[in-house]
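See below for the structure under consideration.
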Amino acid sequence: QLQLVESGGGLVQPGGSLTLSCVPSGFTLEEYNIAWFRQAPGKEREGVSCIGNRGIIINYVDSVKGRFTISRDNDKNTVYLQMNSLKPDDTAVYYCATSWNHNPNICVGELREGRFDYWGQGTQVTVSS
């Protein structure tokens, strides 16, 4: 069973920054495509970003483009989501997810929950003044 653990969430003021981390439990991330999703109270889970296993295909939802950066460091076996210029609308539980499917095309286009099989427990990001 593939397991992922997110960390790095917290409370920040609007305009602030946070970096989220996604680390595996029991496997290495190198061959896996990793996506970040978020879910705000009362809203559907939303795809935020995705990085293909080779780090070539990178995708962001329009609302975070220019503010968020997804990256991976295979030496540290970690995928990051650097979040800058945070807004209250970014408040959500953030999840990382991966799939048995190693085709990085799953990172292309609208990110759909159904593409991903394995999920972390989530980390809370709250943006408030």
Side-chain angles (χ1 to χ4, degrees):
Q1 181 71 49
L2 303 181
Q3 295 184 347
L4 300 168
V5 179
E6 308 95 335
S7 63
L11 173 65
V12 297
Q13 295 182 356
S17 298
L18 285 173
T19 299
L20 307 183
S21 298
C22 176
V23 299
S25 178
F27 68 101
T28 58
L29 287 175
E30 184 173 359
E31 63 186 288
Y32 288 89
N33 309 301
I34 303 294
W36 287 96
F37 287 77
R38 65 187 180 186
Q39 188 166 23
K43 296 185 178 180
E44 298 292 325
R45 191 171 295 182
E46 174 190 32
V48 176
S49 187
C50 196
I51 185 166
N53 50 17
R54 296 181 63 194
I56 298 171
I57 294 176
I58 294 176
N59 191 11
Y60 302 97
V61 68
D62 285 345
S63 61
V64 309
K65 288 180 179 177
R67 299 189 298 120
F68 290 11
T69 302
I70 191 170
S71 63
R72 63 192 305 148
D73 186 337
N74 288 339
D75 289 338
K76 297 181 179 179
N77 204 25
T78 303
V79 170
Y80 302 97
L81 186 68
Q82 174 68 46
M83 305 184 295
N84 298 322
S85 301
L86 283 162
K87 305 174 181 179
D89 285 348
D90 296 317
T91 296
V93 177
Y94 284 71
Y95 301 87
C96 63
T98 192
S99 174
W100 61 266
N101 188 348
H102 297 322
N103 189 332
N105 286 334
I106 71 171
C107 281
V108 175
E110 181 183 3
L111 297 176
R112 301 174 182 176
E113 293 182 53
R115 297 180 184 178
F116 300 91
D117 307 298
Y118 308 103
W119 297 79
Q121 84 289 348
T123 185
Q124 176 71 48
V125 173
T126 302
V127 185
S128 177
S129 60

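Everything quoted here is computed from the prediction, not taken from an experiment. Starting from 1, each residue takes its place in the sequence as its number.
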Chi angles and distances behind the side chain to side chain contact (heavy atoms under 4.5 Å, CB included) call for Cys22, Ile34: CA-CA 9 Å; Cys22 176; Ile34 303 294; 4.3 Å; yes

Nearest-0.5 Å distance, NZ of residue Lys76 to OG of residue Ser21: 9.0 Å

To the nearest 0.5 Å, atom OG1 of Thr91 lies from atom CG of Leu11 at 8.5 Å

For the backbone of Ser49 and the side chain of Asn59, can you confirm whether one donor and one acceptor N or O come within less than 3.5 Å of each other? no

Hey, quick one: are Tyr80 and Leu18 part of the same hydrophobic cluster, counting side-chain heavy atoms closer than 4.5 Å, chains of contacts allowed? no

Identify the two heavy atoms, one from Gly52 and one from Cys107, that lie closest to each other, and give their separation to 0.1 Å. N-SG, 3.8 Å

When clusters are formed by joining ILVMFWY residues with side-chain heavy atoms under 4.5 Å apart, either directly or through shared neighbours, do Ile58 and Leu111 land in the same one? no

Grouping I, L, V, M, F, W and Y whenever their side-chain heavy atoms are under 4.5 Å apart, do Tyr118 and Val93 come out in a common cluster? no

Taking atom CD of Glu46 and atom OH of Tyr94, what is their separation to the nearest 0.5 Å? 8.0 Å

Of the non-hydrogen atoms in Ser17 and Ser85, which two are nearest, and what is the gap between them? OG-N, 4.3 Å

Within the side chain of Glu30, is there an N or O that forms a donor-acceptor pair under 3.5 Å with the backbone of Asn53? no

Yes or no on side chain to side chain contact (heavy atoms under 4.5 Å, CB included) for Leu4 and Phe27, after CA distance, side-chain angles and deciding distance? CA-CA 9 Å; Leu4 300 168; Phe27 68 101; 3.5 Å; yes

Straight-line distance of Leu2 CG to Asp117 CG, nearest 0.5 Å: 8.5 Å

So does Asn33 get a backbone contact from the side chain of Arg72, meaning a donor-acceptor N/O pair under 3.5 Å? no

Short question: side chain of Tyr60, backbone of Ile70 - any donor-acceptor pair under 3.5 Å? yes

Once you measure the plane-to-plane angle for Phe116 and Phe37, does it fall in the parallel (<30°), tilted (30-60°) or perpendicular (>60°) bin? perpendicular

Is there a chain of hydrophobic side chains (I, L, V, M, F, W, Y, each step under 4.5 Å between heavy atoms) that links Ile51 to Ile106? no

Is the shortest distance from a Lys or Arg side-chain nitrogen in Asp62 or Lys65 to a carboxylate oxygen in the other one below 4.0 Å? yes

Is a donor on one side and an acceptor on the other found under 3.5 Å between the side chain of Gln13 and the backbone of Ser129? no

Starting from the C-alpha separation in whole Å, work towards a yes-or-no answer on side chain to side chain donor-acceptor pair (under 3.5 Å) for Asn103 and Asn105. CA-CA 5 Å; Asn103 189 332; Asn105 286 334; 3.3 Å; yes

So if you build clusters from Ile, Leu, Val, Met, Phe, Trp, Tyr with side-chain heavy-atom gaps below 4.5 Å, do Ile57 and Leu29 land together? no

With distance as the sole test, does Ser99 use its side chain to make a donor-acceptor pair with the main-chain N or O of Arg115 at under 3.5 Å? yes

Could you state the interatomic distance from CD (Gln3) to OG1 (Thr98), rounded to the nearest 0.5 Å? 13.0 Å

Minimum heavy-atom distance between Ala40 and Ala92, given as atom pair plus value: N-CB, 3.8 Å

Heavy-atom distance under 4.5 Å between the side chains of Val79 and Trp36, does that happen here? yes

Check for a donor-acceptor pair, side chain of Glu6 on one end and backbone N or O of Thr123 on the other, with a separation under 3.5 Å. no

Taking all non-hydrogen atoms of both residues, which atom of Gln121 and which atom of Tyr95 are closest, and how far apart? O-CE2, 3.6 Å

For the atom pair CZ (Arg38) and CE (Met83), what is the distance rounded to the nearest 0.5 Å? 9.0 Å

